[in-house]
Amino acid sequence: MIEEDVLCPFCGCLCDDLKVEVEEGRIVGVKRACRLGMSKFMGHERIVAPMVRRDGVLVETSYEEAYERAAEILKAAKRPLLYGWCSTVCETAKKGILLAEEVGGVIDSTATVCHGPSIIGIEEKGLAGSTLGQVKNRADLIVFWGANPAEAHPRHTLRYSSNSTGMFTPEGRGGRKVIVVDVRKTRTAKNADKFVLIRPGTDYEVIAALRMIVKGKGDLLPDAVAGIAKSDLEEVADMMKAAKFGAVLIGLGLTHSRGRYKNVDGALSLVADLNGFTKFVVLAMRGHYNVAGFGQVCAWETGYPMAVDLSRGAPYFNPGETAACDLLARREADAMMVVAADPASNFPRKTVEAMAEIPVIQVDPYPNPTTFIADVVIPTAVCGIEAEGTAYRMDGLSLRMKKVVDSVYPTDEEVVENILDRVRRLGDDN
Amino acid sequence: MIIEGGIVYDPINGVLGEEMDLSIEDGRVVEKAGGSEVIDARGMLVMPGGVDAHAHIAGGKVNTGRIMRPEDGRRGTEPRTKLLRPSTGYTVPNCYAIGYRYARLGYTTAFEAATPILEARHTHEELEEIPIIDKGALTLFGNNWEVLECVRDGDLGKLAAFVAWGLLASRGYGVKVVNPGGGEAWGFGGNVKGIDDPVPSFDVTPREIIRYLMRANEALRLPHSVHLHTNNLGKPGNYETTLETLRAVEDIAASRNRQVLHVTHMQFSAYGGTGWRDFESKAPEIAGYFNRHDQFTMDMGQLIFGSATTMTADAPLEYGNARLLKAKWSNHDIELEESSGVVPIVYGRKNPINAIQWAIGLELALLTEDSWQMIMTTDHPNGGPFVNYPEVVALLMSRRKREEELATLHDLASKRTSLPSIEREMDWNEVAIVTRAGPARILGLPEKGHLGVGADGDVSIYEINPEKVDPSRDHEVVKAALARAKYTIKAGEVVVRDGEVVAVPQGSTYWVDASVPEADAARVRADLVEKFAKYYSIQMSNYMVQDAYVTRPRVVRAGVI
Amino acid sequence: MRNIVIRPRRHFRVPVEAERITPDLFAPLSIEEIRSLEVWEGNRRVALSELFDISGDEGPGRAEETQISLSGDFSRVKRVGEKMTCGRISVAGDVGMHAGNGMAAGEILVDGNAGDWLGREMRGGSIKVLGDAGDYVGAGYRGESCGMRGGEILIDGNAGDYLGEHLCGGAITVLGDVGDFPGIANRGGAIVIGGDAHLPGAEMASGTITVGGRARVLPSYQYVETVEIEGLRFKKFLGDLVEEGKGELYAASVEEGRG
């Protein structure tokens with residue numbers, strides 16, 4: 001049996017055109033997926049059963065005991081951290097936020113280590129964006145800034161950006177110009193019409209120089225900015241102003257280099273400036289398939305998109321103080337629940353050390369480095385393959401993920417709900 | 001449940017301040033209810049639950065407002081309780097605060113004013129999370145490629161079939177048209193300048209788009225009329241565009257017993273002047289026109305001083321606002337369908353433009369003679385947050401209050417508007433019309449906005465005695481009483497008591513299922529298959545809002561067959 | 001002056017939120033009443049006396065004549081002196097985040113280091129830190145257009161990133177170095193930095209920033225002239241031109257990077 005138009009639970013592209021071949025309840029083939037998506041569908045090692053740590057060793061246990069243990073840990077904590085939520089559906093996030101309210105915790109997503117700075121930039125300037133289809137149909141200039149879709153979002157260029165075709169872009173790549181700004185010549189850069197190699201940590205200065213040129217103040221610039229010849233920057237600015245529809249697609253190279261959210265802030269301002277001359281939009285190249293969805297759910301439920309401290313019953317938001325990395329780096333958190341993420345692989349070493357000192361609950365289909373420091377491990381079904389639910393593409397478009405095969409495991413949503421239920425039985429003292 | 005002895009205002013049933021009992025059973029108003037629950041409403045004002053026909057309460061742009069405005073989020077923060085989720089925000093409250101705050105005002109129904117089909121799933125996710133009130137969402141059609149093509153081809157049958165399909169796909173309630181043609185032009189940074197300015201690439205004009213959508217709306221006999229945000233909204237001198245638009249559709253007749261066109265947040269479309277320097281009110285001209293043309297209705301879009309968040313599918317307007325105000329600017333264009341923008345703003349009493357805008361909303365409301373043609377809104381949160389409705393009611397009921405306010409404003413509010421000379425003060429019956437009965441009738445909700453047998457058991461009870469309080473003089477008492485309902489009853493359940501939320505049921509979501517001839521539907525499907533293959537960035541099978549996103553639907557049937 | 005002494009009873013791992021430690025709130029209360037004030041340790045509401053020893057002059061007294069002496073490690077105690085309007089808080093040791101949030105008047109003296117967001121949205125009064133301060137000194141809240149609007153902050157040591165972000169008034173002086181983007185998006189006020197600074201005054205609309213050490217200056221600043229201030233020579237720049245800014249930036253030494 002072939003399941004049509006299946007969504008891919010891997011990256012923020014959230015491709016929705018996959019064909020999945022299922023035989024006797026097992027996936028035997030996937031068409032149209034990239035190698036990243038393919039590997040997820042074809043499956044890899046799973047956590048077999050719930051586990052709890054006894055005498056330093058993870059031993060298999062029942063779901064019931066794992067839920068109880070998780071609830072006790074969260075309930076006992078004065079500053080529990082509930083982290084992850086990027087590789088699961090919005091329905092799980094909703095339950096997670098409710099759980100964070102009930103246990104007086106801090107809830108945060110993987111945005112803290114990817115596009116969190118973009119969101120803080122948006123808080124300064126707003127986001128002049130569009131859906132990806134708008135880029136596909138209209139953009140004659142695409143700028144990848146600190147982004148390398150050739151490696152991280154393999155189908156992005158064909159479906160949505162450089163190589164896509166649409167109403168006003170029938171020639172596809174041939175009718176478009178592509179600019180890449182990065183600190184090294186990536187695979188994406190090799191395919192660009194113009195590549196600007198910048199020194200690490202100078203994005204903000206380069207953006208400021210471009211804004212000067214766009215505003216007609218280029219005369220006041222020095223001959224080179226952060227090592228880039230003024231003539232190169234003028235060429236880029238001219239290409240931008242000459243476009244009928246330009247799209248700036250920003251990646252982690254911009255958000256996680258020196259300058260952080262101010263880099264994004266600068267890029268947003270540049271795009272706003274350019275709209276005085278032509279049409280320009282800016283989009284963040286979000287990593288995990290539903291990290292955007294957590295931000296949306298968190299915003300409509302708590303008012304804020306990430307890093308929400310619910311310890312006093314009212315949401316408090318202050319990244320730098322209330323983000324997962326902040327809590328761990330300061331060794332404030334006294335318990336942690338990780339849902340559908342792997343901080344032990346992605347976080348700075350100091351913060352992983354902090355995780356090792358506190359009780360950690362892991363909810364995930366797959367074993368990963370976080371498993372090694374977890375005290376309670378609860379395996380789940382894979383969202384988008386074994387469970388349905390909502391996910392938000394990197395441009396904020398929501399789609400419904402499908403279930404293509406059955407699973408013996410509970411869904412993330414069910415697991416969080418079960419823990420919430422046990423927490424409530426332990427009483428509400430907030 | 002029996003509500004005893006209240007002083008009831010129920011304009012639809014001709015009840016004008018009579019002391020009477022009301023009975024509710026199984027969520028509906030009945031002749032005589034059993035059961036023992038009695039609410040003592042003696043000496044209190046009793047009205048049907050409030051109905052908000054136009055507010056931005058759910059969906060992509062509302063959430064964008066939250067995300068870009070943490071500084072707004074921290075205003076209005078209330079911690080969770082054993083019953084309630086936490087609240088945040090003033091102009092862009094979280095979902096829970098929206099439900100709780102409407103209920104505290106005695107409102108039991110609110111409609112989201114604009115959702116693109118492509119992002120309707122998101123809109124419903126938020127609507128599902130708003131507690132207590134009944135909801136619905138109007139669907140945007142004014143810049144949709146399929147619409148523009150049907151208009152260009154003069155194919156009314158196909159257009160009607162597409163509208164029906166769009167309502168189904170978005171689980172939408174009605175046809176919203178925002179700056180028709182301008183949203184498409186904004187795809188390349190342009191706009192349309194008036195109703196006869198052609199839309200780039202599509203060879204149609206806003207006039208044609210509006211006319212065709214109205215004709216399709218009437219062909220489908222939809223419960224609500226076309227809901228229009230005019231071209232040139234927010235610009236000095238735009239009253240001429242507004243009147244031109246209305247004159248252009250005078251020949252179209254309504255297919256049901258309601259208006260043929262609702263022009264929304266009229267305050268933003270009633271401007272005179274050639275620029276901001278000679279900016280002035282043209283509210284008397286607009287209201288005068290409405291007084292001669294009873295087929296049209298409008299809502300105020302009243303401005304409230306202080307913080308607001310403007311959010312609209314009129315994206316070029318928002319870009320202009322952001323540049324003018326040097327404010328944060330979000331924009332979101334939606335492939336093949338719409339564009340939109342979000343910009344925070346602070347309305348200042350001493351700002352001459354804002355002061356005039358404030359007066360225009362009130363002029364419109366007070367100069368429109370038939371209250372059924374004019375309903376109260378603040379275009380939440382564009383003119384200001386809906387929590388200020390008691391302030392607006394107090395202004396409508398008290399000339400003294402208006403004079404007190406005018407004294408604190410820039411003097412152009414008095415010089416460039418007719419407000420100082422307006423003597424009219426609304427009575428409770430008129431207030432009940434502009435906040436309940438009128439919006440329910442305009443939306444086409446026969447079970448809302450009144451308390452006759454069969455109506456929904458949605459009632460608001462305020463601790464104010466209309467026979468003893470003079471709203472003209474005691475406007476502060478009016479405002480305070482309306483801000484905290486003594487009781488709000490939703491479908492026969494007490495949800496607010498003494499201004500506090502005491503129960504959190506989940507309301508339902510209205511949407512319209514309109515039938516069309518299969519031949520027309522098939523032609524639409526063929527078009528869409530091609531559009532999805534070539535232009536949309538998702539698959540057609542993943543487009544439509546699934547049933548999982550509307551868990552308590554209230555489906556209204558309409559259509560041509 | 002009435003003196004009230006507060007000492008932590010133990011080490012705090014989980015931060016304590018103690019916005020009630022202000023002269024305004026303490027002044028009308030007896031020592032016993034102060035002990036029973038509630039603060040938060042993470043998600044637990046606890047009496048001040050559970051976490052701290054409290055002693056000192058018996059009250060009540062006038063807030064203007066109230067001094068609170070914090071003695072010990074307060075590095076994990078947040079929001080000390082929030083919204084204070086008078087009186088004095090002295091910290092013998094380090095103080096945590098958000099000390100002097102939104103304070104209107106009065107005085108805070110820290111003889112150790114201060115955490116992030118020192119004097120956030122401050123309106124008036126003075127804060128002096130003998131050690132270092134963290135990020136966001138005198139800054140605003142996320143998304144707001146104004147941070148500190150008045151008062152004075154003096155830091156003898158170094159300060160972190162985003163010093164005086166969205167500064168709209170008042171004065172911040174740092175004798176040592178600061179991190180990235182001091183005075184970003186400021187709309188008034190004065191910042192004096194004794195040491196080095198990275199990209200000062202980005203998006204500055206108005207205000208002045210003086211860097212006594214070396215500054216990496218944005219390309220969107222226009223060099224005007226060399227001027228002498230109190231016997232020292234500074235290069236004067238105007239900017240930030242990307243925002244049509246009219247801010248003044250003085251730097252004793254300019255890092256390569258711009259021409």
Side-chain angles (χ1 to χ4, degrees), chain A residues 4-5 7 16-17 90 94 98 101 119 122-134 136-138 159-160 164-168 244-245 272 275-276 278-281 295-297 299-305 310 312-317 388 390 392 395-400 428 430, chain B residues 58 60 62-64 66-71 73-74 77-82 85-89 92-97 118-119 121-122 125-126 129 145 186-189 201 319 322-323 327-336 339 342-343 534-539 541-542 546 548-549:
Chain A
E4 302 275 344
D5 298 343
L7 281 80
D16 73 331
D17 61 343
C90 294
K94 288 178 199 172
L98 187 53
E101 285 174 20
I119 292 166
I122 290 164
E123 290 162 7
E124 295 280 326
K125 292 290 155 62
L127 179 76
S130 72
T131 62
L132 287 165
Q134 197 77 343
K136 165 188 161 77
N137 282 302
R138 297 180 197 262
R159 277 176 64 80
Y160 311 123
S164 65
T165 57
M167 173 75 112
F168 302 104
K244 288 200 185 81
F245 184 113
N275 274 282
T278 184
K279 175 76 181 192
F280 250 83
V281 298
Q296 293 289 341
V297 175
W300 78 58
E301 303 222 337
T302 71
Y304 311 102
L310 291 153
R312 294 175 65 166
Y316 171 69
F317 165 79
E388 61 182 340
T390 318
Y392 282 68
D395 58 350
L397 180 68
S398 84
L399 289 164
R400 186 155 187 86
D428 183 348
N430 283 316
Chain B
V62 179
N63 226 25
T64 295
R66 297 183 187 111
I67 291 168
M68 70 192 275
R69 299 206 66 187
E71 79 282 8
R74 71 171 172 164
T77 296
E78 296 167 62
R80 70 186 283 266
T81 68
K82 288 201 190 308
R85 305 287 298 268
S87 292
T88 53
V92 278
N94 63 343
C95 291
Y96 312 114
L118 182 60
E119 300 199 340
R121 193 169 2 259
H122 178 166
E125 278 209 279
E126 291 195 30
E129 211 68 17
W145 287 2
W186 181 246
F188 283 115
S201 316
Y319 178 69
R323 292 277 109 171
K328 301 185 209 186
W329 171 53
S330 283
N331 179 81
H332 190 62
D333 296 347
I334 291 147
E335 60 206 63
L336 290 83
S339 51
V342 185
V343 175
K534 287 184 176 173
Y535 307 134
Y536 271 106
S537 65
I538 62 168
Q539 301 298 103
S541 71
N542 288 320
Q546 293 86 351
Y549 297 94

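Both backbone and side-chain heavy atoms feed into the values below; hydrogens, waters and symmetry mates do not.
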Given heavy-atom pairs under 4.5 angstrom as the criterion, report whether the side chain, backbone, both or neither of B/Arg85 touches chain A.
both
To the nearest 0.5 Å, what is the distance between OG on B/Ser339 and CD on A/Gln134?
8.0 Å
Which one wins on heavy-atom pair count under 4.5 Å against chain A: B/Gly187, B/Pro93, B/Ala97, B/Gly89?
B/Gly187
Examine whether an atom of A/Glu388 lies under 4.5 Å from a heavy atom of chain B, and if so say whether it belongs to the side chain, the backbone or both; otherwise answer neither.
neither
What part of A/Asn275 is in contact with chain B, defined as an atom under 4.5 angstrom from a non-hydrogen atom: side chain, backbone, both or neither?
both
Do A/Gln296 and B/Asn63 have a side chain donor and acceptor closer than 3.5 Å?
yes
Does the side chain of A/Glu301 reach to within under 4.5 Å of the side chain of B/Glu129, using non-hydrogen atoms?
yes
Do B/Arg74 and A/Tyr316 come within less than 4.5 Å of each other through their side chains, counting heavy atoms only?
no
Polar side chain donor-acceptor pair, B/Asn542 to A/Asp16, under 3.5 angstrom:
yes
Compare all side-chain heavy atoms of A/Lys279 with those of B/Asn331 and state whether any distance is below 4.5 angstrom.
yes
Once you measure the plane-to-plane angle for A/Trp300 and B/His122, does it fall in the parallel (<30°), tilted (30-60°) or perpendicular (>60°) bin?
tilted
At a 4.5 Å cut-off on heavy atoms, which part of B/Trp186 comes close to chain A: side chain, backbone, both, or neither?
both
Can you confirm whether A/Thr390 sits close enough to B/Tyr549 that some side-chain heavy atom of one is under 4.5 Å from a side-chain heavy atom of the other?
yes
Heavy-atom pairs under 4.5 Å with chain A: which of B/Glu125, B/Gln546, B/Glu119, B/Glu78 has the most?
B/Glu125
Mind ranking B/Ala327, B/Pro79, B/Ser541, B/Ser87 by heavy-atom pairs under 4.5 Å with chain A and telling me who comes out on top?
B/Pro79
Under 4.5 Å to a heavy atom of chain A? For B/Tyr535 that would be both
Of A/Gly276, A/Pro305, A/Cys90, A/Gly313, the largest count of non-hydrogen pairs under 4.5 angstrom with chain B goes to A/Gly313
If we only count heavy atoms from C-beta on, is the B/Arg80 to A/Glu101 side-chain gap below 4.5 Å?
yes
Does any heavy atom of chain B fall under 4.5 Å from the side chain of A/Leu98, the backbone, both, or neither of them?
both
Please look at B/Ala322 and chain A and tell me whether the side chain, the backbone, both or neither of the residue comes under 4.5 angstrom of a heavy atom of that chain.
neither
Of the backbone (N, CA, C, O) and the side chain (C-beta and beyond), which part of B/Ser201 lies under 4.5 Å from a heavy atom of chain A, both, or neither?
side chain
Quick one: do B/Asp333 and A/Arg138 make a salt bridge, cutoff under 4.0 Å?
no
